[in-house]
Amino acid sequence: MSNYFHRVLLIYVKDIKDEFRTFDNLLSTIIFGVMLVFIFSFAFQLTDLAVDQAFSAVLWVSIFFSSVLAIQRSFAKERENNVMDALLLASGDRGIIFLAKFLCNLTVLLLFELVVVPLLWIFTGISALGHIQAGLFIGSLFLGSWGLAAIGTMLNGITIQLPSARLLFPILLFPLLIPLLIGVIQCTNTALLGVSEPLSGWVYFLISFNILFTVLPLVLFDFVLEG
Amino acid sequence: MLEGWKKFNFWVLMLLVPINIYLIFLYAPVEKTMGIVQKVFYFHVASAWIGLLAFVVVFIASIAYLANRKVQMNHLALASAEIGTLFISCTLLTGPLWAYPIWNTWWTWDPRLTTTLVLWFMYVAYIALQGGGTAENRRRFAAVYGIVAFINVPLVFFSARWWRSIHPIVVSGEGIGLTPKMRFVMFFSIVTFSFLYTYLLGLRYKGISLAERINRLKAELSQ
Amino acid sequence: MSDQLDVIGVSKQIGPKRILTDVSFSSITGELLVITGPNGAGKTTLLRLIAGLSKKSSGQILWNGSCYGIDHGSLGYLSHKPMLYETLSVLDNMVFFAKMYDRFSMESIERLLERVGLWLYRYEPAAVLSRGMQQRLALARTLLFDPKLILYDEPFTGLDFNGQKLLREVLEEKRANSIQIVISHELSLLQGLPHEEMKLLRGRMVREGVSCE
């Protein structure tokens, strides 16, 4: 069993190292995210709408759209040159590959948020609001990224094997994310605006949703990478 | 056997459809406050019901395909998804016709509406994933998506309901006071639509199988 | 220790197309089995089924009598596609796969890279290597551990004269401990190596177990 997670870790470390060496994926995702955040904030400003009310919506729409870019690259290295076969043979279990890619995508998303969220914060001037629950806010970012990375990794495993992958990926991804979207927006909104709602329910909902959609792909990934 | 069932199904429909239309327009009383527009309700609810049922069939056929890799199961799932999309589209189109005069809005983000819309998106995604392609991996991927998407349906519904609900709960009879006559007609419509669904499913299933057979024969000839 | 591979009545069907029909053969440690046949005969598919990269439609593949198949650490696979990480250097490719197989030692990697003539190129990304050098690197990866079953899919592709000689040495030297199955068109390259020959035609076995010198 420890061998299992050891191999997950090996693939993860390799991918993260590769990420930092080329900066290809992470950097383009961050730049795209920064653009999105800028356009959104500016558009709100142009219409004189209260952007702090829409902060969560803008935040999550930006993250969702950028994640398409980030996750879509996750199997690219294996796709070139048929490395997937070598990786399958070396790992011996398809679940290992899913977990490693999932962790890698999660890391990339969190790093992306590390840059984009403060920027959005500054652009919208939301810091004027006093009562922000930082723990809840960061927690909801984490939970949202977890779900995104898990579902995204599974679907990317599918679309990478198809010719029309670029178009298909978001079409497959977004409908599955609706419960997640509802949940994370409730959480971030409460964290920012301090609306007193029965919130722990949403946190539990997100955690169960994420666990379900991490275990389910883990089971189904055998069928995805069957070749 | 299948042919026999299809013939039977066809004659049942020939009988049920006129009766259903009679029931809806002449037998069921006109709703007091909503008026004649409420008649669309019988089509709306029945097609929503079938849209969901069709997705259950997609789900079961997808599991069956992954388990035994019978191409027929994939055909069944695809046929059901296509017909499901048709019925869900009907639901989405008839809904606003009814909602506008009653709620004074074409659309609200009520859990049932939201779920129906997401269901429609997932159907479309499922069909796009199959992409008319007959490659084995597309069947497998579609089956995986069919399973995951189906499991997602209740999650969408409950999260949306938790968030807010202003939709009258129809089946329990709350919200709109359904008279016994109306309720009878509603259930009758659901039965008729179910027969319509199975009939269309049979047709489409056969169409997909034949198309595939043609492709196979073409491939064999060109070899 | 002697191992045994049994392939019993294996078929593979993709959609309406039959790729393999009722293929059966057995092999034990020490044997070198060569599969021949025209393009599209199902040779690569057969190898992928044995390797567990693809799923059989029916039949059984037994490893020492067990249907769970071979442990991934005992299986070597050398394809005509090198299957390397192009952005990673030669050394990083070796280190990554060595760690995945739990056989990491810098000395053995150095020895192997020396042997295939790539030690000088160890910091080059795999992408800049020539086709033949990539194939040598893939060969070195197969030698990282001691597989009990080695599958070769057109392994001579891209190799120059020295590379071919090297591969033949490997085939000879691995004979002692493993079952080796080779797909090759170039039977002349296997001259001098005693082997069994098996021919596939349109997914069926047409000739089985002919010993050749």
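Per chain, numbering begins at 1; letters A, B, ... match sequence-line order.
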Among residues 52-69 of chain B, residues within the sub-4.5 Å heavy-atom range of chain A, in order of number, are B:Leu66, B:Arg69
Expected contact set for residues 208-220 of chain A against chain B at heavy-atom separation under 4.5 Å reads A:Phe209, A:Leu212, A:Phe213, A:Leu216, A:Leu220
Verify side chain to side chain contact (heavy atoms under 4.5 Å, CB included) between B:Val144 and A:Phe221, making sure each step is shown before the conclusion.
CA-CA 9 Å; B:Val144 169; A:Phe221 217 56; over 6 Å; no
So A:Ile151 and B:Val148, side chain to side chain contact (heavy atoms under 4.5 Å, CB included) or not? Walk me through it. CA-CA 10 Å; A:Ile151 298 178; B:Val148 176; 5.9 Å; no
Greater than 12 external heavy atoms within 6.0 Å of A:Trp60's CH2: yes
- [ ] Tell me, yes or no, whether the heavy-atom count around A:Leu167 atom CG, taken from other residues, nucleotides or ligands under 6.0 Å, exceeds 12.
- [x] no
Is the NZ atom of B:Lys206 crowded by more than 12 outside heavy atoms at less than 6.0 Å?
no
Listed by number, the residues in residues 173-182 of chain A that come under 4.5 Å of chain B (heavy atom to heavy atom) are A:Pro175, A:Leu176, A:Ile178, A:Pro179, A:Ile182
When every non-hydrogen atom of A:Gln161 is compared with those of B:Asn137, the smallest separation belongs to O-ND2, 3.9 Å
dist B:Arg140:CZ -> A:Leu225:CG (nearest 0.5 Å) comes out at 8.5 Å
Exercise for the section: I would like to know whether A:Phe205 and B:Trp162 meet side chain to side chain contact (heavy atoms under 4.5 Å, CB included); could you show each step before the answer? Expected result: CA-CA 11 Å; A:Phe205 172 78; B:Trp162 207 358; 3.8 Å; yes
Contacts satisfying salt bridge (charged side-chain N to carboxylate O under 4.0 Å, His left out) that involve residues 115-128 of chain B (not counting sequence neighbours) are none
Comparing B:Trp120, B:Phe141, B:Phe121, B:Tyr126 against chain A, the one with the most heavy-atom pairs below 4.5 Å turns out to be B:Phe141
If one checks every heavy atom of A:Ile171 against chain B at 4.5 Å, the contacting part turns out to be both
